[in-house]
Asks: 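I have a structure I would like to understand better, so I am pasting it below and will then ask my questions one at a time.
Counting convention: from 1, in listed order, for ligands and their atoms alike. Hydrogens, waters and symmetry mates are skipped; everything else that's a heavy atom, side chains included, is used. Residues: numbered from 1 along the sequence shown. The structure presented is a predicted model; accordingly, all values stated were derived computationally and were not measured.
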Amino acid sequence: MSDPQCDVVIVGAGPTGLSAARTLQAAGKDVVVLEARDRVGGRTWTDHIDGQMYEIGGQWISPDQTALLQLVAELGKETYQRYREGDSVYIAPDGTRTVYSGDMFPVGESTQAEMERLIAQLDELAARIGPTAPWDAEDAAELDSVSFHHWLRSQSDDEIACANIGMFIAGGMLTKPATTFSALQAILMAASAGSFTHLVDDHFILDRRVVGGMQSVSEQMAAELGEDVVHLNSPVRTIEWTEDSVTVGTDAMNVSANRVIVAVPPNLYSRISYTPHLPRLQQVFHQHQSMGLVIKVHATYQTPFWREDGLCGTGFGAGQIVQEVYDNTNHGEEQGTLVGFISDVNADAMFALDEDTRKQRILESLADFLGPRALEPEVFYLSDFGAEEWTRGAYATSYDLGGLHRWGRFQNDPVGPIHFASSDIAAQGYQHVDGAIRIGQDTAAKILST
Ligand code: FDA
């Protein structure tokens with residue numbers, strides 16, 4: 001194959017890379033997309049396990065994710081709501097199980113009041129600081145120098161309130177222990193979703209899914225770009241650059257272009273060799289964005305049995321192995337499917353077990369929420385993005401303590417003709433497919449405007 005030339009070469013065929021390519025192509029630019037895997041979609045991936053369709057990566061859309069909703073509509077795709085009729089289950093740190101309705105966990109009155117106070121405080125901070133430049137806030141350095149765990153405990157003496165509020169960002173979003181990231185990083189997470197209240201409201205944050213799965217959004221974008229545009233099985237190894245040109249090398253070819261968009265998560269930037277090497281600033285701060293770790297648990301049953309018990313399938317338990325569980329029955333499916341999440345140190349503990357014991361412990365945890373019928377799924381599968389060479393964790397990357405205010409302001413800066421883009425450095429929609437679409441389109445627009 002002769003080495004192609006184009007206007008812009010894009011590294012990575014996830015939602016970021018493909019939406020950038022789509023925008024550039026629509027403006028008349030020649031693009032080439034180089035993807036390491038044998039499929040497009042990156043951290044969105046729809047697969048069949050023992051005949052059962054599972055969304056192994058990203059799947060949910062919330063109402064504020066308008067860039068993604070608009071793209072889904074443009075592609076002519078349909079969405080559907082998550083099943084949510086009935087009561088939820090809360091498991092307290094002492095193991096007590098309570099069935100409840102409404103948004104607030106069934107905790108004591110004073111803990112409830114404390115949770116509401118902390119939520120209001122985080123809403124205020126998120127509104128004031130915003131998702132675009134949290135590092136510019138006057139108290140950015142202060143909020144970035146204290147872990148979210150310790151910040152919560154400096155605001156409240158109520159341990160249960162702190163653990164429950166911590167869960168929504170730590171296990172629930174950044175998938176790292178709350179001691180390892182800052183209060184500022186937590187506020188960015190909330191601001192990027194519109195408010196902390198949105199993160200607490202599962203009806204909002206886990207609202208809709210795409211019929212046929214979220215990966216199909218990327219598959220359709222790739223198909224529309226054209227077969228000769230997207231090259232699979234093409235990990236990019238090298239980028240040689242001058243101020244106004246790049247040569248991007250895979251094992252099989254070199255692509256020459258005026259610009260490159262590196263549309264991979266920041267933890268993978270340094271897998272590519274740059275000649276000349278990147279400036280000191282990038283070489284240093286790229287080391288401080290690391291992936292969280294979460295296991296997405298899928299279990300399919302003959303029927304959605306929990307609905308017979310008046311339950312919607314939703315369960316929360318900050319101290320449990322499975323910390324959140326939801327009804328994840330696919331569109332039009334007769335069986336019932338649950339999805340659960342096992343985050344950070346609990347994920348480490350599960351991966352340390354042999355396969356049978358791991359499965360048993362996880363099913364027991366689901367059964368603690370939804371009863372003994374949860375012990376006998378027809379299909380069971382664990383998403384393991386930590387073992388994927390071209391992701392290395394889940395859901396996304398965040399800065400270590402103090403990194404956001406120190407380096408966040410530089411993360412979107414191009415280096416010569418090299419642009420960086422991914423959901424992990426998006427503002428609105430940060431860590432989500434919506435953020436990927438936004439930053440893909442915005443990066444393309446920046447290139448088009450120069
Ligand atoms: P993404 O990682 O998707 O794509 C990057 C691409 O670059 C990959 O295809 C990779 O193979 C490729 N690549 C890497 N290095 C390369 C190299 N050197 N050369 C060539 N190619 C290279 N979001 C959401 O909105 N709702 C949700 O419900 C969830 N849930 C969720 C669950 C799980 C388990 C995960 C892992 C993630 C989510 N997410 C999510 C997050 C969402 O999936 C994520 O934000 C987007 O997929 C990010 O898109 P990007 O294109 O930025 O990166």
Asks: Using 4.0 Å as the upper bound for N to carboxylate O, is an ion pair formed by R37 and E388?
Replies: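 So E388 pairs with R37 through a salt bridge.
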Asks: Are any of the N/O atoms in S383 less than 3.5 Å from those in ligand 1?
Replies: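 In fact, backbone or side chain, S383 has no N or O that close.
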Asks: Would you say the side chains of S383 and H298 form a donor-acceptor pair under 3.5 Å?
Replies: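 There is such a pair between these side chains.
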Asks: Starting from atom 4 (O) of ligand 1, locate the nearest protein heavy atom and write down its residue, its atom name and how far away it is, to 0.1 Å.
Replies: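 That would be G14 CA, 3.4 Å.
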Asks: Can you list the ligand 1 atoms lying under 4.0 Å from a non-hydrogen atom of G12?
Replies: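 Atoms satisfying the 4.0 Å criterion: 6 (C), 7 (O), 12 (C), 21 (N).
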Asks: Give the residue and atom name of whichever protein heavy atom lies nearest to atom 29 (C) of ligand 1, and the separation in Å to one decimal.
Replies: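 Checked against all protein heavy atoms, atom 29 (C) of ligand 1 sits closest to G58 CA, 3.1 Å.
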Asks: Does R37 have a heavy atom less than 4.0 Å from any atom of ligand 1?
Replies: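 Under 4.0 Å: yes for R37.
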Asks: Specify the closest pair of heavy atoms between G14 and S218, including all atoms of both residues, with the distance to one decimal.
Replies: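 Shortest heavy-atom separation between G14 and S218 comes out as C-OG, 4.2 Å.
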Asks: Would you please test E333 and Q52 for side chain to side chain donor-acceptor pair (under 3.5 Å) and show each step?
Replies: CA-CA 10 Å; E333 180 177 284; Q52 178 64 31; 2.7 Å; yes
Asks: Is the shortest distance from a heavy atom of I56 to ligand 1 less than 4.0 Å?
Replies: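 The answer is yes: ligand 1 sits under 4.0 Å from a heavy atom of I56.
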Asks: Is the closest basic N to carboxylate O distance between D424 and R43 below 4.0 Å?
Replies: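 Counted as a salt bridge, because a side-chain N and a carboxylate O are separated by less than 4.0 Å.
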Asks: Among all protein non-hydrogen atoms, which one is nearest to atom 46 (C) of ligand 1, and what is the separation to 0.1 Å?
Replies: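 For atom 46 (C) of ligand 1, the nearest protein heavy atom is S423 OG, 4.0 Å.
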Asks: Among all protein heavy atoms, pick the one closest to atom 24 (C) of ligand 1 and tell me residue, atom and distance.
Replies: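 So the nearest neighbour among protein heavy atoms is H432 CD2, 3.4 Å.
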Asks: Provide, to 0.1 Å, the distance between atom 14 (C) of ligand 1 and the closest protein heavy atom, together with that atom's residue and name.
Replies: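 Protein heavy atom at minimum distance: V264 CG1, 3.4 Å.
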Asks: Give a yes or no on whether E389 atom CD has more than 12 heavy-atom contacts from other residues, nucleotides or ligands under 6.0 Å away.
Replies: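 Yes, enclosed.
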Asks: By number and element, which atoms of ligand 1 are closer than 4.0 Å to a non-hydrogen atom of F385?
Replies: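 Under 4.0 Å from F385, ligand 1 has these atoms: 36 (C).
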Asks: Once you measure the plane-to-plane angle for F168 and F196, does it fall in the parallel (<30°), tilted (30-60°) or perpendicular (>60°) bin?
Replies: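 It falls in the perpendicular class, over 60°.
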Asks: With heavy atoms only and a cut-off of under 4.0 Å, state how T250 meets ligand 1: side chain, backbone, both or neither.
Replies: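 None of T250 does.
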Asks: Just to be sure I read this right, does ligand 1 sit under 4.0 Å from the backbone of P15, its side chain, both, or neither, counting only heavy atoms?
Replies: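 Both backbone and side chain of P15 come within 4.0 Å of ligand 1.
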Asks: Tell me whether ligand 1 is touched by L34 - counting only heavy atoms on the residue side and a distance under 4.0 Å.
Replies: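 It does; at least one heavy atom falls under 4.0 Å.
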Asks: Does ligand 1 have any atom that is closer than 4.0 Å to a heavy atom of P235?
Replies: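 For ligand 1, residue contact (heavy atoms, under 4.0 Å) with P235 is present.
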Asks: Scan side-chain atoms only and decide if S343 and K176 contain a donor-acceptor pair under the 3.5 Å cut-off.
Replies: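 Their side chains do not contain a donor-acceptor pair, so the 3.5 Å distance test is not met.
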Asks: I need the atoms of ligand 1 closer than 4.0 Å to a non-hydrogen atom of V433, numbered in the order shown.
Replies: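 Atoms satisfying the 4.0 Å criterion: 23 (N), 24 (C), 25 (O), 42 (C), 45 (O).
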Asks: Under 3.5 Å, which donor-acceptor pairs link side chains of residues 405-414 to any protein atom two or more places apart or in another chain?
Replies:
{"from": "H405", "atom 1": "ND1", "to": "D144", "atom 2": "OD2", "distance (Å)": "2.8"}
{"from": "H405", "atom 1": "ND1", "to": "G402", "atom 2": "O", "distance (Å)": "3.2"}
{"from": "R409", "atom 1": "NH1", "to": "D136", "atom 2": "OD1", "distance (Å)": "3.0"}
{"from": "R409", "atom 1": "NH2", "to": "W135", "atom 2": "O", "distance (Å)": "3.4"}
{"from": "Q411", "atom 1": "OE1", "to": "Y399", "atom 2": "OH", "distance (Å)": "3.0"}
{"from": "N412", "atom 1": "ND2", "to": "I425", "atom 2": "O", "distance (Å)": "3.1"}

Asks: Counting only heavy atoms closer than 4.0 Å, does ligand 1 sit against the backbone of Q431, its side chain, both, or neither?
Replies: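 Only the backbone of Q431 comes within reach of ligand 1.
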Asks: Please write down residue, atom name and distance for the protein heavy atom closest to atom 51 (O) of ligand 1.
Replies: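 That would be T16 N, 2.9 Å.
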Asks: Of all the non-hydrogen atoms in the protein, which one sits nearest to atom 27 (C) of ligand 1, and at what distance?
Replies: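 Of every protein heavy atom, Q59 N, 3.3 Å lies nearest to atom 27 (C) of ligand 1.
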Asks: Does the gap between the ring centers of F105 and Y90 come in under 6.0 Å?
Replies: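 Between F105 and Y90, the centre distance is under 6.0 Å.
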Asks: Which residue and atom name correspond to the protein heavy atom nearest atom 2 (O) of ligand 1, and how close is it?
Replies: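 Closest protein heavy atom to atom 2 (O) of ligand 1: R43 NE, 2.7 Å.
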Asks: Is it true that, when you exclude E378 itself, more than 12 heavy atoms of the residues, nucleotides or ligands shown sit nearer than 6.0 Å to its CD?
Replies: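 Yes, enclosed.
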Asks: Quick one: closest heavy-atom pair of Q320 and D368, and the distance?
Replies: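 The pair with the smallest heavy-atom distance is OE1-OD2, 4.3 Å.
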Asks: Not counting sequence neighbours, which residues clear side-chain contact (heavy atoms from CB on, under 4.5 Å) with T242? List them please.
Replies: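 For T242 the side-chain contact (heavy atoms from CB on, under 4.5 Å) partners, ignoring immediate neighbours, are D244, S245.
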Asks: Output the list of atoms in ligand 1 that are nearer than 4.0 Å to some heavy atom of V11, sorted by atom number.
Replies: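 Taking each heavy atom of V11 in turn, ligand 1 has 17 (C), 19 (N), 20 (C) under 4.0 Å.
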Asks: Report yes if V236 has an N/O atom closer than 3.5 Å to an N/O atom of ligand 1; otherwise report no.
Replies: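 Yes, V236 has an N/O under 3.5 Å of an N/O on ligand 1.
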Asks: Of all the heavy atoms in G41, does at least one lie under 4.0 Å from an atom in ligand 1?
Replies: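 Checking ligand 1 against G41, which is what was asked, there is a heavy-atom contact under 4.0 Å.
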Asks: Just let me know how A263 lines up against ligand 1, side chain, backbone, both or neither, with a heavy-atom cut-off below 4.0 Å.
Replies: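 Within the 4.0 Å criterion, A263 contacts ligand 1 through backbone atoms alone.
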Asks: For S422, counting its heavy atoms only, list the atoms of ligand 1 lying under 4.0 Å from any of them.
Replies: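 Listed by number with element: 52 (O).
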Asks: Could you list which atoms of ligand 1 come closer than 4.0 Å to a heavy atom of A394?
Replies: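 The atoms of ligand 1 under 4.0 Å from a heavy atom of A394 are 36 (C).
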Asks: Taking NZ in K77 as the centre, count heavy atoms belonging to other residues, nucleotides or ligands within less than 6.0 Å. Is the count above 12?
Replies: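 Above 12, so yes.
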Asks: Taking only heavy atoms of L268, which atoms of ligand 1 are found under 4.0 Å from at least one of them?
Replies: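 By the 4.0 Å cutoff, the relevant atoms are 14 (C), 15 (N).
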Asks: Does a side-chain N-to-carboxylate-O contact under 4.0 Å join R438 and D434?
Replies: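 Between D434 and R438 there is a salt bridge, with a charged N closer than 4.0 Å to a carboxylate O.
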Asks: Checking contacts here: is it the side chain or the backbone of W60 that comes within 4.0 Å of ligand 1, counting heavy atoms only? Could be both or neither.
Replies: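 Looking at W60 and ligand 1, atoms from backbone and side chain both fall under 4.0 Å.
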Asks: I'd like to check whether A36 has a polar contact with ligand 1, where a contact means an N/O of the residue lying under 3.5 Å from an N/O of the ligand.
Replies: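 Right, the criterion is met.
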Asks: Test the R307-Y83 pair against the cation-pi criterion, namely NZ or CZ under 6.0 angstrom from the six-membered ring centroid and within 45° of the ring axis.
Replies: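 Yes, cation above the ring, under 6.0 Å and within 45°.
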